[in-house]
Engineer: 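Can you read through this structure? Questions will come right after.
Everything numeric in this text was worked out from a predicted model, so none of it was measured.
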Amino acid sequence: LEQQFSMRRLVLSISFRCPITVVEEARWRAPHMKFPEWAKPGEVRHWNEWSAQRLPETAVILCRNNSPLFSLAFRLLRNGRYPELVGNDIGKSLIKMLKKLAPKGVDPKQLDQQATLAAIQSWYDSKLPKARNPEKLRDQADCMRIFAKQGKTLDEAISYADHILSQSGPVKLMTGHKSKGLEFQDVFILDEHLIKEDQQDKNLRY
């Protein structure tokens, strides 16, 4: 384009949306990025210890994968906080998969937790050889295991899944992909180690 149409390349040079510390933190990916003179200082911290009580009401928690978000949602609920899983389309498909785990003619109420976990493993093993995205498949299986461990039977696991997915509360949980283009006052990154070092995940981290 530069050669064919004598165009000039212009890069985004100023972030009007982020506080100073966030812009400085992001310079590993965009070293040219600046902030306006009226930008707020902001704060970037790393927590060594986590507790539900420390999260502000405006907290938005981001994670690369879904399963840590589901696990955290249950922990928050047990600690009296009300989480909301935002834009989690995977939830409906996970419930459908859970409902199909019971063998034909077997009532989900009769499938205990161990049998449910074994059925999830069998489902995962059967899908893995043909999976286009093994990592996504593993995340789906981990999500189902989290639901299964909440109840004594498959039927209870499905009920817990329905319950957590229908929650509405001030603490928002979503994947990094779902957060693109949005703005929040307090952002927390959950399980940052899950973000890989390839180019796509570097963009996700940024």
Engineer: Test of understanding: clusters of I, L, V, M, F, W, Y form through side-chain heavy atoms closer than 4.5 Å, transitively. Do L204 and L182 belong to the same one?
Structural biologist: no
Engineer: Any idea which heavy atoms bring A119 and L101 closest together, and the distance?
Structural biologist: O-CD2, 3.8 Å
Engineer: At what distance, to the nearest 0.5 angstrom, does NZ of K180 lie from OG1 of T175?
Structural biologist: 9.0 Å
Engineer: How close do A73 and P83 get, counting heavy atoms only, and between which atoms?
Structural biologist: O-CG, 3.5 Å
Engineer: Can you list everything that forms a side chain to side chain contact (heavy atoms under 4.5 Å, CB included) with Q4? Sequence neighbours excluded, please.
Structural biologist: none
Engineer: Between K34 and R27, what is the shortest heavy-atom contact and its length?
Structural biologist: CA-NH2, 4.1 Å
Engineer: Supply the members, apart from L12, of the Ile/Leu/Val/Met/Phe/Trp/Tyr cluster built from side-chain contacts under 4.5 Å; use none for a lone residue.
Structural biologist: I20, V23, W28, M33, F35, Y206
Engineer: Going by the rule side chain to side chain contact (heavy atoms under 4.5 Å, CB included), which residues pair with S159 if we only count those two or more places apart in sequence or in a different chain?
Structural biologist: none
Engineer: I need the full list of side chain to side chain donor-acceptor pair (under 3.5 Å) pairs touching residues 97-114, with sequence neighbours left out, sorted by first then second residue.
Structural biologist: none
Engineer: List the atom pairs, donor and acceptor, that lie under 3.5 Å between side-chain atoms in residues 183-196 and the rest of the protein, sequence neighbours left out.
Structural biologist:
from : atom 1 : to   : atom 2 : distance (Å)
E183 : OE2    : R17  : NE     : 3.2
D186 : OD2    : T58  : OG1    : 2.4
E192 : OE2    : R205 : NH1    : 2.8
K196 : NZ     : E135 : OE1    : 2.9

Engineer: Hey, could you give me the CD1/CE distance between I120 and M97, rounded to the nearest 0.5 Å?
Structural biologist: 10.0 Å
Engineer: Can you check whether S168 reaches Y82 side chain to side chain, under 4.5 Å on heavy atoms?
Structural biologist: no
Engineer: About how many Å separate CG of D162 and CG of L94, when rounded to the nearest 0.5 Å?
Structural biologist: 11.5 Å
Engineer: Taking only residues two or more places apart in sequence or in another chain, which ones pass side-chain hydrogen bond (donor to acceptor under 3.5 Å, both in side chains) with E2?
Structural biologist: R9
Engineer: Using every non-hydrogen atom in the two residues, find where A102 and V106 come nearest and quote the distance to one decimal.
Structural biologist: CB-O, 3.6 Å
Engineer: Looking only at heavy atoms, which two atoms of S126 and P129 are closest? And how far apart?
Structural biologist: O-CD, 3.6 Å
Engineer: Distance-only criterion, 3.5 Å: show the donor-acceptor pairs between side-chain atoms of residues 41-48 and protein atoms not counting sequence neighbours.
Structural biologist:
from : atom 1 : to  : atom 2 : distance (Å)
E43  : OE2    : R45 : NE     : 3.3

Engineer: Measuring from atom CG of L72 to atom CH2 of W50, what distance do you get when rounded to the nearest 0.5 angstrom?
Structural biologist: 5.0 Å
Engineer: Each residue besides F5 in its hydrophobic cluster should be listed here, by chain and number; the cluster joins Ile, Leu, Val, Met, Phe, Trp and Tyr at side-chain heavy-atom distances under 4.5 Å.
Structural biologist: L1, M7
Engineer: Counting C-beta onward and ignoring hydrogens, is there a side-chain heavy-atom pair between I95 and I158 closer than 4.5 Å?
Structural biologist: yes
Engineer: Would you give the length of the straight line joining atom NZ of K172 to atom CG of L85, rounded to the nearest 0.5 angstrom?
Structural biologist: 10.5 Å
Engineer: Between G176 and S179, which heavy-atom pair has the shortest distance, and what is it?
Structural biologist: O-OG, 2.7 Å
Engineer: Could you state the interatomic distance from OH (Y160) to CG (L165), rounded to the nearest 0.5 Å?
Structural biologist: 14.5 Å
Engineer: The criterion is side-chain hydrogen bond (donor to acceptor under 3.5 Å, both in side chains); which residues satisfy it with E57, sequence neighbours excluded?
Structural biologist: R81
Engineer: Table please: side-chain donor-acceptor pairs of residues 137-152 below 3.5 Å, with sequence neighbours left out.
Structural biologist:
from : atom 1 : to   : atom 2 : distance (Å)
D139 : OD1    : N66  : N      : 3.4
D139 : OD1    : S67  : N      : 3.0
D139 : OD1    : S67  : OG     : 2.9
D139 : OD2    : N66  : N      : 3.0
D139 : OD2    : N66  : ND2    : 3.3
D142 : OD1    : R145 : NH1    : 2.8
R145 : NH2    : Q121 : OE1    : 2.8
Q150 : OE1    : R78  : NH1    : 3.4
Q150 : NE2    : I146 : O      : 3.1

Engineer: Hydrophobic clusters join Ile, Leu, Val, Met, Phe, Trp and Tyr when side-chain heavy atoms are under 4.5 Å apart, directly or via other members; which others share one with F16?
Structural biologist: I14, W38
Engineer: Are I164 and L55 in one and the same hydrophobic cluster, where Ile, Leu, Val, Met, Phe, Trp and Tyr link if side-chain heavy atoms are under 4.5 Å apart?
Structural biologist: yes
Engineer: Kindly write out the residues that satisfy side-chain hydrogen bond (donor to acceptor under 3.5 Å, both in side chains) with R54, not counting sequence neighbours, or none if the list is empty.
Structural biologist: none
